[in-house]
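In what follows, a single structure is set out as C-alpha cells and then discussed.
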Number of protein chains: 2
Amino acid sequence: MMAGPQALLWSINARAVLEAVDTLGPTGRPELVQETGLSKTTVAQALQELLARGVVREAGLDTERRGPAATLYGTDPGGGYAIGVDVEVERVTAVLVDLAGAEVARASRPTTGVAQGVAQVVAEVVAEVVSELVTEPATELVTELVTELVTEPATELVTELVTAPDAELVTAPVDGVRVGQVVIGVPALVARDGRSIRASRGLPGAAHLGAELQTLLPYPVLLENDVNLAAVAEQRRGAGRGVDDFVLLRVGTGLGAGVVIGGRLHRGFAGGAGEVGFLPHPATALGGEVLGARQIGQVARELGVEGSPAELFARAAAGEASALAVAGAVARRLAHVIGAIALVIEPELFVVGGPGTEVLLEPVRRHLAADAPDLVVGVTGSGVPGDAVLQGAALVAHEHVRERVFTEATT
Amino acid sequence: MMAGPQALLWSINARAVLEAVDTLGPTGRPELVQETGLSKTTVAQALQELLARGVVREAGLDTERRGPAATLYGTDPGGGYAIGVDVEVERVTAVLVDLAGAEVARASRPTTGVAQGVAQVVAEVVAEVVSELVTEPATELVTELVTELVTEPATELVTELVTAPDAELVTAPVDGVRVGQVVIGVPALVARDGRSIRASRGLPGAAHLGAELQTLLPYPVLLENDVNLAAVAEQRRGAGRGVDDFVLLRVGTGLGAGVVIGGRLHRGFAGGAGEVGFLPHPATALGGEVLGARQIGQVARELGVEGSPAELFARAAAGEASALAVAGAVARRLAHVIGAIALVIEPELFVVGGPGTEVLLEPVRRHLAADAPDLVVGVTGSGVPGDAVLQGAALVAHEHVRERVFTEATT
DNA sequence: CAGTAGGTCGGAAAGTTTCCTACTGCCGCA
DNA sequence: TGCGGCAGTAGGAAACTTTCCGACCTACTG
C-alpha cells in the first residue's frame, strides 16, 4: 500500500492547487481557496513552492473588484511542449502545443512516397514546428505576456529562446524548449507498446517506424493508430464529450473504429481492437472486408458511378441520384456494423467520421430503426473541426507532458 | 477537488492498515508496520481506533517466535454480511458470506414455476440463509472464537444473535446481523440501475422483480445479469485472474457474454452488452439467434440426435459420434462469434463456460486457428468450481458491503 | 542473554484559525 | 462637486492543533 509520510499531504494539496490553476486559467488566490477547499495559508504556500519550481507563474492582476488588486496565477505554458503528428498516405502534418494545450506551431509536408522516407519526413516536420516555436512566435509570446502586464519573465524567456542553437534542434533538446512527448498517428495497427506496427493500410514497409523515429528524434516517441487518436479528439473536444462509452467509426480508406470505454481508449490486447471492417456480413465471405475504399468502389461500379468515397459522398450530398444510391448502400453496411458492435459492447453513442460522411447519418439511423428497433444508441457526426487525428495526437502528447510535469512539480 | 483537511491523512493511513489486516488475515503489528510502511506508533493508533469502531478485532496471539507474544489483529467477519442469489429457471440458490468473504450459509429452493412467485421464492431463500446464520452457526462462531482465546466478545455476540427475534427476519434487519447488500443474478437483461429488467430469457413477466424484491426484503437489492456475474467470478477466482480484458462466453439456454474490460465489468449503456447470441452469422438471417438451446437442438435434429445441450455435450465427451458432430457444429459457430468479438475489442482471453462445454474448447481453437490465424487470443474453460453465477453474486455483494464498511470505518 | 512486542515521550512537519495591515471602490455628507 | 469614512478584499504573520515519526524504555520468552 505504501501510504506513509506526511509529505504525501503536500503532494495532494499541491496537486489540487495545480489542477485548479490549470483548469481555471488565470485565477486569484481566494478563488483557488474556494475551489480546492484548502485554507488560505496552505494555498499560499503551495503557490509559492509551485512558483519556485517554475510550473506556475504570476499572470497579471485582477483590478475588477474592489479592494486590493489580486494577483492572478496561471500555469506556465512554457513548462513543457508536446507534439502531435498525423501521418497520412500523402501528407504528414505536425502541431506543437504548449503546456496549456494551445497550438503554438504547425507544419505540413507531402510524403515522398518512398516507404523509407516516412520517418525522415516526420522528423523534418517535427523539427520545423520546434524551430517555428523557437524563432517566430517569440514576438507573439512577448505581446501576450506584455498585455498581461508581466514583463520580466517574458524578456527572460525570449532571450532564452532566441539564443537557442538552431543546428542542434533535431538531435538534442533545445535549451528552454522542453518537448516532453511526440505522439504520431499512423494508418496502421500499432502494438500496445506504441512502437511496433503490426499491419498497415497505407504505410507499406513501415514496420519499424517507431524505432527509426526514436533514433531521429531526441524526444520520447509514441505511435498510435489514427482512428484511435481521432476517437480521443472526439472524446475531449468533439461529439464524445461527457459520454463514457462511445465508438468512433471512420469511413475512408478502410473502415476503422476507435473504441472508448469508461472514458478510456480501448486498444485491445495487441492493439487490434476496432478492426470492424472485417466483421462478418451476409454479403461477404468470412474474412472479407465489409466496407473499405475498394468495397465502396465496387458498389459504385455496380451502380454505374466512379470516384473516391469522399467524392461520391460529396456528390450524394449535392443530390446526385446515383451517388445517393451508393451512399445508401454504404449506410446499410455501416448500420450492419453498428448493430454488431452494439451487441458486443452497447455503447451510448456512435460517431461517424471521415470526409463527407455527414450524408450517411440519416440513412444509417433509418436502417437501424428498421433493423434493430430495440437499439437505443445515438448516431452522430464528428464534432471535431479540422483534422481529428492531428488533434487527438496533440491531446495525447499534451496529456503525457502535463502528467509528467505536474507530478514532477508536486513530488 | 476537495482534498483538504488533515483528517484525510488519517483516512488514508487507517485505510491502509485496514486493507493490510484484511488481505493478510490475522496479523501482528510489526508485520503491519512493514506492510504499510507506516511507523509503529501510527499503526498502533490506527488499530486502536479501528478496534474501537468494531471493524477490527483481536484474533489470538502469536507465540511462535521468541519474545513476548504478539497479539494478532484481523477484520471482524461479523462486521457486515452479504448475500448472493442465483435465480435459475427451475431453482433459486442463495449464499450468505461474512465480511471476510467466507461462506456462512447456503440455501436452495425450486421455483414454483409461476412468474409472480419468483420474488417470493427469492425472499424465502434469503430469509433462510439469514436465519441459518442466526441460529445454527452461532456454535460454530463460538468454537471459532474460543479457539482463538478471545472469550468475551464471543459470548456477547452469541447472546445478541440468539435473542434476535426470528419472526421479523424478512421484514426487518436482525439486530447484530447487518446484511449490507443482496445481489441477485437473473437470466435476463438488467438495466444499469440494477432494478428494472429489460428482457428476459427465462423469467417471463418478471419485469418488476427488482421493485418487488425491495419491498419484500429489508436489505439493499441489486439485480444483475447472470452471465455478467459469472464473469466477475471468473475474474476474481477463475480463469480471468490477472487478466485485464477477457470475455466469458456462456453456452446454455442462450449464448451470453460477460465482458470485462480494464478489470471492470462492462455492462453497456442500457445493460445490453454481451448479447452476442444475435451477432450476424452467414447461416442466420439478420436478427436471428446464432447459438441458443433452440439452435443447438435444430443442429442436433439435422444430425439425427436429441437432447439438451448439456446432455449432448456430455455424450460428445463420452465419445458418441453424432453428439461429437453436434459439438463440432456448435464449436464452429462459437469460433465465429469469438472472431467477431475479437474484431471489436480484441480481449486477451475468451473463457467458455456452461455445463459440459469443456468438450468445445479444442474444436473452437482449431476453427480459430484455421479461420483467423492472426488472432492471438487464448481460449480456456471456466476456472470457477461450482456455481459461477452464485459466486459472482456473492462476490459483488461482498465487495459492496466491504467497501461501505471500510469507508465508514475510516472516515 | 538476546531478541522481540508494546508503550511512552519529545520533536518535527503540516494545516487551520485568528488577527492585522494595506488597499480600493462606493456612498453619503458638506 | 469634492472629500472622508465605510465596507470589502488580498496578503501576511503568529499561535494553536493535528498527525506522524524516531528513539528510548519496559516486559517477556526461548
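Chain identifiers are assigned alphabetically (A, B, ...) following the order of the sequence lines, protein sequences preceding nucleic acid strands; residue numbering begins at 1 within each chain.
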Any strand: nucleotide that pairs with dC9(C) via Watson-Crick or wobble, under 3.5 Å: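 Across all strands, the one nucleotide that pairs with dC9(C) is dG22(D).
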So, does [X] use its side chain to make a donor-acceptor pair with the main chain of [Y] at under 3.5 Å?
X	Y	value
Arg404(A)	Gly180(A)	yes
Glu58(A)	Tyr73(A)	no
His398(A)	Val97(A)	no
Arg178(A)	Gly79(A)	yes

Pairing of [X] and [Y] as salt bridge, 4.0 angstrom limit:
X	Y	result
Arg402(A)	Glu19(A)	yes
Arg15(B)	Glu49(B)	no
Arg267(A)	Glu224(A)	yes

Euclidean distance, atom [atom1] of residue [X] to atom [atom2] of [N] [Å, nearest integer]:
X	N	atom1	atom2	answer
Glu58(A)	dG11(D)	CD	P	9 Å
Leu32(B)	dG6(C)	CG	P	10 Å
Glu31(A)	dG11(D)	CD	P	12 Å
Leu72(A)	dA10(D)	CG	P	11 Å
Leu9(B)	dT16(C)	CG	P	11 Å
Ile12(A)	dG15(C)	CD1	C1'	13 Å

Is there a donor N/O on one and an acceptor N/O on the other, under 3.5 Å, for the side chain of [X] and the base of [N]?
X	N	result
Thr41(A)	dG12(D)	no
Lys40(B)	dG22(D)	no
Ser39(A)	dT17(C)	no

So which protein N/O to nucleotides 27-30 of chain D N/O distances come out below 3.5 Å?
residue, atom, partner, partner atom, Å
dT29(D), O4', Gly67(B), O, 3.2

Could you tell me whether the phosphate oxygens of [N], OP1 or OP2, come under 4.0 Å of any side-chain nitrogen or oxygen in [X]?
X	N	result
Thr71(A)	dA10(D)	no
Arg29(B)	dG7(C)	yes
Asn13(B)	dT19(D)	no

Leu50(A) and side-chain contact (heavy atoms from CB on, under 4.5 Å): which partner among Asp76(A), Thr75(A), Val55(A)?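 Only match with Leu50(A) under side-chain contact (heavy atoms from CB on, under 4.5 Å): Val55(A).
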Does anything in residues 42-53 of chain B come within less than 4.0 Å of DNA chain C? Heavy atoms only, and list the residues if so.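 When residues 42-53 of chain B is checked for heavy atoms under 4.0 Å from DNA chain C, there are no hits whatsoever.
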5' priority, DNA chain D, between Ser11(B) and Tyr73(A) [closest heavy atom]: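 Of the two residues, Tyr73(A) wins.
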Partner set under side-chain contact (heavy atoms from CB on, under 4.5 Å) for His266(B), not counting sequence neighbours: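 His266(B): side-chain contact (heavy atoms from CB on, under 4.5 Å) contacts with Asp245(A), Ile261(A), Ile345(A), Val259(B), Ala273(B).
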